[in-house]
There are 2 protein chains.
Amino acid sequence: MSEHIENETSYSSSHYRTPDGAPADIVIFTITSTERNTGKKTLPLRELQVLLIERKRWPFVGQWALPGGFAKETETIQACAERELEEETGVSGLHIEYFNVYSKPGRDPRGWIISHAFFALVHESLLAERRAADDAADVKLFTAQEALAMNLAFDHNEVLRDALERIRHSMLTTTIAKQFLPEEFTISELYQVIQTVVPEFEEQNFIRKITSTQSRKGLIEEATDQTGQPKMSNRYSQRAAQLYRFTDYVPQLSIYS
Amino acid sequence: MSEHIENETSYSSSHYRTPDGAPADIVIFTITSTERNTGKKTLPLRELQVLLIERKRWPFVGQWALPGGFAKETETIQACAERELEEETGVSGLHIEYFNVYSKPGRDPRGWIISHAFFALVHESLLAERRAADDAADVKLFTAQEALAMNLAFDHNEVLRDALERIRHSMLTTTIAKQFLPEEFTISELYQVIQTVVPEFEEQNFIRKITSTQSRKGLIEEATDQTGQPKMSNRYSQRAAQLYRFTDYVPQLSIYS
DNA sequence: TCAATAGTGTCTCTTAGACATTATGGT
DNA sequence: ACCATAATGTCTAAGAGACACTATTGA
């Protein structure tokens, strides 16, 4: 067997070129809801949005980019990403997930810089507050389609595309929908959130399938008040709708069963 | 909004500490089959194995580690991993997949070294040949359990644990089983491969579910010869078994439907 | 009373899940 | 004839999928 690179590259051989930085970039997703002003109560319009920042320094001055920053030697890449996310939202403990590394030579004019990409799912209320509190014009939400059509800095178009693919897959296979919903939500809200991220998603008998606790093994459960009475909401319609909450059940999928 | 790190860390500020290398480590999985020597034809014993190398240099001299090596400035991390995999197997074009980054401070005594972990799925024939052709004693296959119980170099125990979790999940949700199977295989072979990676997997009516093309949408199809006759195999039993092949159908899973 | 959302009835066909049973063919 | 593997029969209960239908209530 041939020598392994890791043996050849010993501690003393510092004549090898080393990277010029290890950044984390974050695709911050949120779903905004805007009221439709008909006379009647209606379901809001929901849109999948991405937070971008306008660059002020070389390289890519004036272009929009994903937020991010360089990791320090004393922290993990994940910690770096969490720190950046907190800087953008003012809140910690949000859902953040690593999804890919970007290392194409020349991707960053500043040198050999391998970027680590995360996506975060944030409830709109957090970003709305943040934007309101800030008067800088260089941070904005764009719809996913808008952002994809822009000419982003670095290879961020590719990063964003990959992130979208990932979130679409996760939306259908995990319970990340809860990141975009209040603790207690109606079936329509859940359905709308799924459709916002995955427009192709369509289930005629959605309410039936998801509430038939036998097959879904209790993915969601009815919300009740202290007296055990079912909690209802009429924020979107005259007729009140049952509120549900996610349980902690983690569904296991399989193509073979 | 506060300044972003990426703006503060401009091209000229090279006073920041930079990483000392960007390696890729590869968890090379294979499934070995060993004949049971009963008089009768039987299904072979299958085991999930991992390729490890014994380190010859500082750090962790004499300890077992995952194969890997440092990326060059002129290649992507993925290309580096593919190169390493080809060095181990002598073959290119194998299934290789990125799954995580490891960046805990101090994980590598040589410095600030952020490692990128891949897993590869290799048919046993490729590694068997390789081992036979090579007289070095520092490359070996271990069963997954053995490897996990060892004290591996760096944080490779953690990497291996994560890789195992990932491959177990992928085995049930994607068609990676085909990486461990010949082009045409029997239902028992497929079942055995799945069970080797995911011992908990048990389906009473496996053959029925997977061959009922209506629900599985033709995940696999019967292998036939030139005349359209079904191809059979009796390598594991007296009664010949139908051979199947994977189609290119990619199943879409959802917890909501 | 209408609009917009919430939810149920009903039907057919398919699938899940559990077990029992039959098929094959070399040693 | 036996054994290990391959495959089918049969039954029940549950679910998928399609569509029509009823329920609620503020403006």
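The basis for the numbers below is simple: all heavy atoms, side chains too, and nothing from hydrogens, waters or symmetry mates. Order of the sequence lines sets the chain letters (A, B, ...), proteins ahead of strands, with each chain counted from 1.
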Quiz item: Could you run down nucleotides 2-11 of chain C 5' to 3' and tag each one B, S or - for protein heavy-atom contact under 4.0 Å?
Solution: BSSSBSBBB-
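Partners of A:Arg208 by side-chain contact (heavy atoms from CB on, under 4.5 Å), not counting sequence neighbours, listed by chain and number: A:Asn205. By the side-chain contact (heavy atoms from CB on, under 4.5 Å) test, B:Ala240 pairs with B:Met232, B:Asn234, sequence neighbours left out. With sequence neighbours excluded, the residues forming a side-chain contact (heavy atoms from CB on, under 4.5 Å) with B:Glu82 are B:Gln78, B:Ile96, listed by chain and number. Checked against side-chain contact (heavy atoms from CB on, under 4.5 Å), A:Gln238 has the following partners two or more places apart in sequence or in another chain: A:Lys41. A search for salt bridge (charged side-chain N to carboxylate O under 4.0 Å, His left out) contacts involving B:Asp155 returns B:Arg107, not counting sequence neighbours.
Annotation: side chain to side chain donor-acceptor pair (under 3.5 Å) contacts involving residues 248-257 of chain B, sequence neighbours excluded, comprise B:Ser254-B:Ser257. The salt bridge (Lys or Arg N to Asp or Glu O under 4.0 Å) contacts involving residues 209-227 of chain B comprise B:Glu203-B:Lys209, where partners must be two or more places apart or lie in separate chains. Within the structure, no pair that satisfies the salt bridge (Lys or Arg N to Asp or Glu O under 4.0 Å) test touches residues 165-176 of chain B, not counting sequence neighbours. For residues 177-188 of chain B, the set of pairs meeting the salt bridge (Lys or Arg N to Asp or Glu O under 4.0 Å) definition, not counting sequence neighbours, comprises B:Glu183-B:Arg245, B:Glu184-B:Lys231, B:Glu184-B:Arg245.
Counting non-hydrogen atoms of other residues, nucleotides and ligands closer than 6.0 Å to NE2 of B:His95 gives a total above 12.
Listed pair B:Arg216 / C:dA16 meets the phosphate criterion, a side-chain N or O lying under 4.0 Å from OP1 or OP2.
Contact check of residues 250-257 of chain B against DNA chain C (heavy atom, cut-off under 4.0 Å) returns no residues at all.
Place A:Asn234 and A:Lys209 on DNA chain D by their nearest nucleotides, and A:Lys209 ends up nearer the 5' end.
A nucleotide of DNA chain D counts as in contact with chain A when one of its atoms lies under 4.0 Å from a heavy atom; the first and last such, 5' to 3', are D:dG15 to D:dA27.
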